[in-house]
Protein chains: 2
Amino acid sequence: MRILISLVSSSTSTGLHLLSVSRRLHTKISPFSTLIGLKPPPAMATSEDSLRRSLAEKQSSIESQGNTVRALKAANAEKATVDEAIEKLNALKLDKSVMEKQLQAAVNGNGPDGSINKEAFRQAVVNTLERRLFYIPSFKIYRGVAGLYDYGPPGCAVKSNVLSFWRQHFVLEENMLEVDCPCVTPEAVLKASGHVDKFTDLMVKDEKTGTCYRADHLLKDFCNEKIQKDLSISAEKAAELKHVLAMLDDLSAEELGAKIKEYGITAPDTKNPLSDPYPFNLMFQTSIGPSGLSPGYMRPETAQGIFVNFKDLYYYNGNKLPFAAAQIGQAFRNEISPRQGLLRVREFTLAEIEHFVDPEYKSHPKYSEVADLEFLMFPREQQISAQSAKKIQLGEAVSKGIVNNETLGYFIGRVYLFLTRLGIDKDRLRFRQHLANEMAHYAADCWDAEIESSYGWIECVGIADRSAYDLHAHTEKSGVPLVAHEKFSEPKEVEKLVIAPVKKELGLAFKGNQKKVVEALEAMNEKEALDMKASLETKGVVEFYVCTLGENVSIKKNMVSISKEKKKEHQRTFTPSLNVFRFPPLVAPIKCTVFPLVQNQQYENVAKIISKSLTDAGISHKIDITGTSIGKRYARTDELGVPFAITVDSISSVTIRERDSKDQIRVDVEEAAPVMKSVTDGHRTWADVWASFPHHSSGSAED
Amino acid sequence: MRILISLVSSSTSTGLHLLSVSRRLHTKISPFSTLIGLKPPPAMATSEDSLRRSLAEKQSSIESQGNTVRALKAANAEKATVDEAIEKLNALKLDKSVMEKQLQAAVNGNGPDGSINKEAFRQAVVNTLERRLFYIPSFKIYRGVAGLYDYGPPGCAVKSNVLSFWRQHFVLEENMLEVDCPCVTPEAVLKASGHVDKFTDLMVKDEKTGTCYRADHLLKDFCNEKIQKDLSISAEKAAELKHVLAMLDDLSAEELGAKIKEYGITAPDTKNPLSDPYPFNLMFQTSIGPSGLSPGYMRPETAQGIFVNFKDLYYYNGNKLPFAAAQIGQAFRNEISPRQGLLRVREFTLAEIEHFVDPEYKSHPKYSEVADLEFLMFPREQQISAQSAKKIQLGEAVSKGIVNNETLGYFIGRVYLFLTRLGIDKDRLRFRQHLANEMAHYAADCWDAEIESSYGWIECVGIADRSAYDLHAHTEKSGVPLVAHEKFSEPKEVEKLVIAPVKKELGLAFKGNQKKVVEALEAMNEKEALDMKASLETKGVVEFYVCTLGENVSIKKNMVSISKEKKKEHQRTFTPSLNVFRFPPLVAPIKCTVFPLVQNQQYENVAKIISKSLTDAGISHKIDITGTSIGKRYARTDELGVPFAITVDSISSVTIRERDSKDQIRVDVEEAAPVMKSVTDGHRTWADVWASFPHHSSGSAED
């Protein structure tokens, strides 16, 4: 299982208000190895570099002492002298052998006492996980397929627990809008997002057999092998190889090819020469429908399904920002060479969040709930100056500008809470800021949460400010503007320039050239138009250059009307039908509404307390503290089939109304959530509840 | 959303015990239209057939009366006489027009009062569902893709509610083994299952433009159009068209092609002639890995992932039958022409169950819980004799043999409870038995649960006895025997025939022919071998025909040993490692174990009561009432990271032990489930519980 929680806050520009910042939190939870209590041994403190240097010195001492011994023997020196020299040589050789063991231990990650290494530790865990069917190589009776795994019963249970906690911790807690889109995706969508052209890895082929390898993996394996197995390489060579490893993700096809040639790397199985690296698209391709003419792909991420629905989701949210949309589903990547067990697989479950914000308002109402958290952070500056991660209080990181803003900080904090509550050891969890060269050109800032596993520090959360990149891309390709209009509490008037050529007059004056003149007039920018307006008002006529005609024409006052018009912002209006869906409480998408009967600070507070306890109990609900009449507030949710309504009409007790019978009971404030829980999870029926609580017969809450 | 719950009970033969029956329950829940409270108007009782006959009679009366009028006019009859005849003609025409309206209403499914028809009803529901984002045509900013839909926030919530109820009602309640397999499937698996060769629909192409159509849809549309719009067709013609509609699924490519030609059906858009029907495979094809040499498909159902894991799941279940495996996941079908909204789509979520049983034991321990249920059943016999579905008590249906056995009956009852608890109207739900020609050749009996929707009665549950078809197919293709060995409470000895040719003696006697003689001896069946053994014991020598030599040879007593050997049944032994996974309660796949401290009927009853209340509270657990020591019982589940153990050591209270601290508390029996609920859903910590209950310090429960 791999889980990704990606959170993009993004919104785009309109004529009214420029909204152009977006950010993206992106979380991968690495699989079971990070979730379990068994701990791999701590990493060695001994410096590998100094060991290599000492070993090289020791080797030259041995050679020199060997020469001494040979010289003494050649000179027929006294036996005692020769023996002493030999003894010294043997002592040096013993030292060297101890050092080699230390170095081997250091590069393997073994403890100084020679305890179990990471590789052996992982193997022990993997054996148990496979034997108890946490996971199973898929289709193993057919010899399996690399990079595809099944979850057996305990694996499914863990996955289901993690996903339902994800829904509780993020979707329900933050009132996110969940969507569920198909995996099969038409080419146009993934062309716009850039995946068709750029979602590639570099591949090399065995020039004789045609076997494919991932180019960076071959280089990586070569470097690691050299560092770990060849104890004779110099500290300088080791440093060079480590530098190549560090730069691996940034190498171009040409640079990768050059390194492969330089190191003489050949095909691992045959030792044949390799082709130059070339890009291989990682998407599984297919064809939609029977014609064979509609190419499609299995989605490589779930985010695009959210972006293409931006307009509808924004509308669903009452045309208000900010809001977040979330999706859990399968993603597919046709990896060239899957590896690292469940970490790099060809199909996995993703859980992504895209959070759309107005860049003018980056504060977050619940920020204070996470500001006191303190955990390992690894800012860009510490990385560049070769320091290590250190504990920082989140609030301090935000106030010092290490983390850019409150919203970003809030989600970092929430991800920290999510991961630690799942059982991730907080000493093996750090938030690392991306270096400038790691980010896409449109991204402003990125943070990765990384978990230390037996494979080292593995990225599991990415927090990226993506600006409005994705929405812009789909707007451009689909022709449908994916933009957010600011919601004004009062309808707002805006001024708009209107150039209205009077075609009749222009036709009389310019005959066959009328069209070109009209187009030139309409193409004026605001300044040109206002200048013309001023001139026409004062002089009545103006000379105007029409470039498609290559000449000036005379425009008279009656030929064009230029004005700035006031326009009210119009929004898509919401007209409920009279349909009431009679979902049983078990099925209903939203279990209840919470309304104060009248606008009143005390009632609103009670409504918020009840809302919080409903969230804690995992009950989906809508709270509406607008002053709209109760009847209208009912109508807004009737179409969603909400079975219960809680109306706050006192500070100690509230009424609960059942949709179909319209019966109402009265319960104490603190009983509201438990009663809702029992009737929505099926442990009590409305009839049970009706028999247990006082009835509320007043029509007051009915409006 | 489409949900399939398919339940296959299946197991296969071993040398020990023949297990060869399987059955398959297969459930599709049709989408929102069946889940909502709004009801379409009831179907018309008026007979369409009799209306057509009356209309035809009326028409001939009109023609005859028209002739009368013309004759009277031609004969210059008296005006009063002519007027009277005309008046009669007009009255007949008026009657006809009333009848036409009645017939139109009948074929449209309108109420006799002309109330809203099914089509209009559906449109109203669909409009609301789309406007409130229950669902959205996928990729609609790119003009969408037929047969792909997104779920918006309320749709996701409904889907998630239904799936979690499915998990509670089936997986948890029945202790099913859930698995989660990839969608990407290599060709070999789907070749074995028959999908590569047979998962097809018949397609025709516009001979000029190449546009594709599903052949049966064109024929269906033609027939429906004719029946609904052409009021002039005879009752006989209408009956013929209805017969074609009823037979649609059974028509071969040739028969379909012949009907299309007979009715002169052309391409709907162009009226061009159509090609002959030919099969189109409905699987989305792709390629796995970078070589392009490994074809794969997106799975069309989730069941195959369960079948290929049969061996491991059987082992996981302690090598015992019966057991059920379940899977929820995406399935993909590249429909030629998707239609009927969410009913026939190209990608959907499936929830399938395969129940593997020993055919010798078809009783079910919980059968009595459903035997009293009474609901609409539509047995084969009623269908053939043109009766309608009737209410039958499930227990009666099983005892009369209408439903084949208790296990089948139990799952029919569970499906009935599942659907009605989701809100399906029981008057619009019926269980229909398959006719003999509807079933696959290997299936013994099938029942469909059908829901009446605005599209008519739609299949939503299939209960099919598939025998061991799927397991046999994968056994044959993979070479891995997917068989169940009966589990004996005591290790059991079985007798096995052993024919051991003595190669040395045979070599001396037959030289170069030795190999052929050996093979012939080994190929003897049990009777032949025992006859030879008897002869050798009495006579010491026997004549034996070796067909590969074409002659008799003399076999002496010292040349072959024939015996019946006793063999102990051997099972894969389960050796737990010493790994203990420290999953937090939130994540742990199994939250607690329930053990009676010693074997004792009273303690076992208490353990079962606690187990039931844990199931009701949705807490996954294992109950172990074997006499094995507590220590061993702990060891069995330690590898699964179970955080709590409930030990029954009295009939009024029990101990709860926490895995990591090994601390134990004592709680009353009825408090056990609520305490477990609060600590596993995170509302209390172990420390909270530790502070609230008496501590249990005796080592007695530690073994």
Side-chain angles (χ1 to χ4, degrees), chain A residues 35-38 128 132-133 136 138-139 141-142 145 148 150-154 156-158 161-162 165 177-184 186 188-189 203 212 280 284-286 288 290-291 305 308-309 312 316 330 336 346-347 422-423 478 480 577 579 581-584 586-587 589 620 639-640, chain B residues 35-37 128 132-133 136 138-139 141-142 145 148 150-154 156-159 161-162 165 177-184 186 188-189 203 212 280 284-286 288 290-291 305 308-309 312 316 330 336 346-347 422-423 478 480 577 579 581-584 586-587 589 620 639-640:
Chain A
L35 288 177
I36 56 177
L38 281 175
T128 301
R132 296 311 293 265
L133 304 195
I136 310 156
S138 298
F139 316 114
I141 65 169
Y142 290 97
V145 175
L148 294 179
D150 298 342
Y151 290 92
C156 276
V158 169
N161 292 338
V162 171
F165 180 55
L177 308 184
E178 192 174 346
V179 299
D180 182 3
C181 310
C183 302
V184 174
V189 174
M203 181 156 91
C212 306
F280 171 75
F284 285 98
Q285 190 170 6
T286 191
I288 306 173
S291 71
V308 299
N309 279 316
D312 278 337
Y316 187 83
Q330 293 303 91
I336 296 168
R346 285 180 168 151
E347 181 180 337
L422 280 182
S478 69
V480 177
S577 70
N579 292 337
F581 286 139
R582 289 211 301 267
F583 292 116
L586 178 76
V587 171
S620 62
E639 280 189 338
L640 297 175
Chain B
L35 289 176
I36 55 176
T128 301
R132 297 310 295 265
L133 303 194
I136 309 157
S138 297
F139 315 114
I141 65 170
Y142 290 96
V145 175
L148 295 179
D150 298 342
Y151 290 92
C156 277
V158 169
K159 177 176 168 180
N161 292 337
V162 171
F165 179 55
L177 309 182
E178 193 174 345
V179 299
D180 183 4
C181 310
C183 302
V184 174
V189 174
M203 184 156 89
C212 305
F280 171 75
F284 284 98
Q285 190 169 7
T286 191
I288 304 174
S291 71
V308 299
N309 279 316
D312 279 337
Y316 187 86
Q330 293 303 90
I336 296 168
R346 284 177 169 154
E347 180 179 339
L422 281 181
S478 70
V480 176
S577 71
N579 292 337
F581 287 137
R582 289 213 299 265
F583 292 115
L586 178 74
V587 172
S620 61
E639 280 188 340
L640 297 176

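The model shown is predicted, which means the values in this text are computed figures rather than measured ones. Below, chain A is the first sequence line, B the second, and so on; all start at residue 1.
- With sequence neighbours excluded, no residue satisfies ring-ring contact (aromatic ring centres under 6.0 Å, His included) with A:Phe280.
- For A:Val184, the parts lying near chain B are the backbone and the side chain together; criterion is any non-hydrogen pair under 4.5 Å.
- For the pair B:Val179 and A:Asp150, the minimum side-chain heavy-atom distance is 4.5 Å or more.
- Using a 4.5 Å cut-off between heavy atoms, B:Leu586 contacts chain A through both its backbone and its side chain.
- The candidate from B:Leu177, B:Val308, B:Asp180, B:Leu148 with the greatest count of non-hydrogen atom pairs under 4.5 Å with chain A is B:Asp180.
- Of all heavy-atom pairs between B:Pro290 and A:Cys212, the closest is CG-CB, 3.6 Å.
- Contacts of B:Thr286 with chain A are made by both backbone and side-chain atoms, with heavy-atom separations under 4.5 Å.
- Residue B:Glu639 holds its CD atom at 5.0 Å from CZ of A:Arg132, rounded to the nearest 0.5 Å.
- Chain A forms the most heavy-atom pairs under 4.5 Å with one residue out of B:Pro186, B:Gly305, B:Ser620, B:Ala157, and that residue is B:Pro186.
- Residue contact with chain B, scored on non-hydrogen atoms closer than 4.5 Å, involves the side chain of A:Phe165 exclusively.
- For B:Ile141, the parts lying under 4.5 angstrom from a heavy atom of chain A are both the backbone and the side chain.
- When A:Cys181, A:Ser478, A:Pro182 are each tested for a side chain to side chain contact (heavy atoms under 4.5 Å, CB included) with B:Phe139, only one passes: A:Pro182.
- Within the 4.5 Å cutoff, no side-chain heavy atoms of A:Asn161 are placed close to those of B:Phe583.
- B:Glu178 meets the salt bridge (charged side-chain N to carboxylate O under 4.0 Å, His left out) test with B:Arg167; sequence neighbours excluded.
- Proximity of A:Tyr316 to B:Pro153: side-chain heavy atoms (C-beta onward) are separated by under 4.5 Å at one or more points.
- The shortest distance between side-chain heavy atoms of A:Ile288 and B:Arg346 falls below 4.5 Å.
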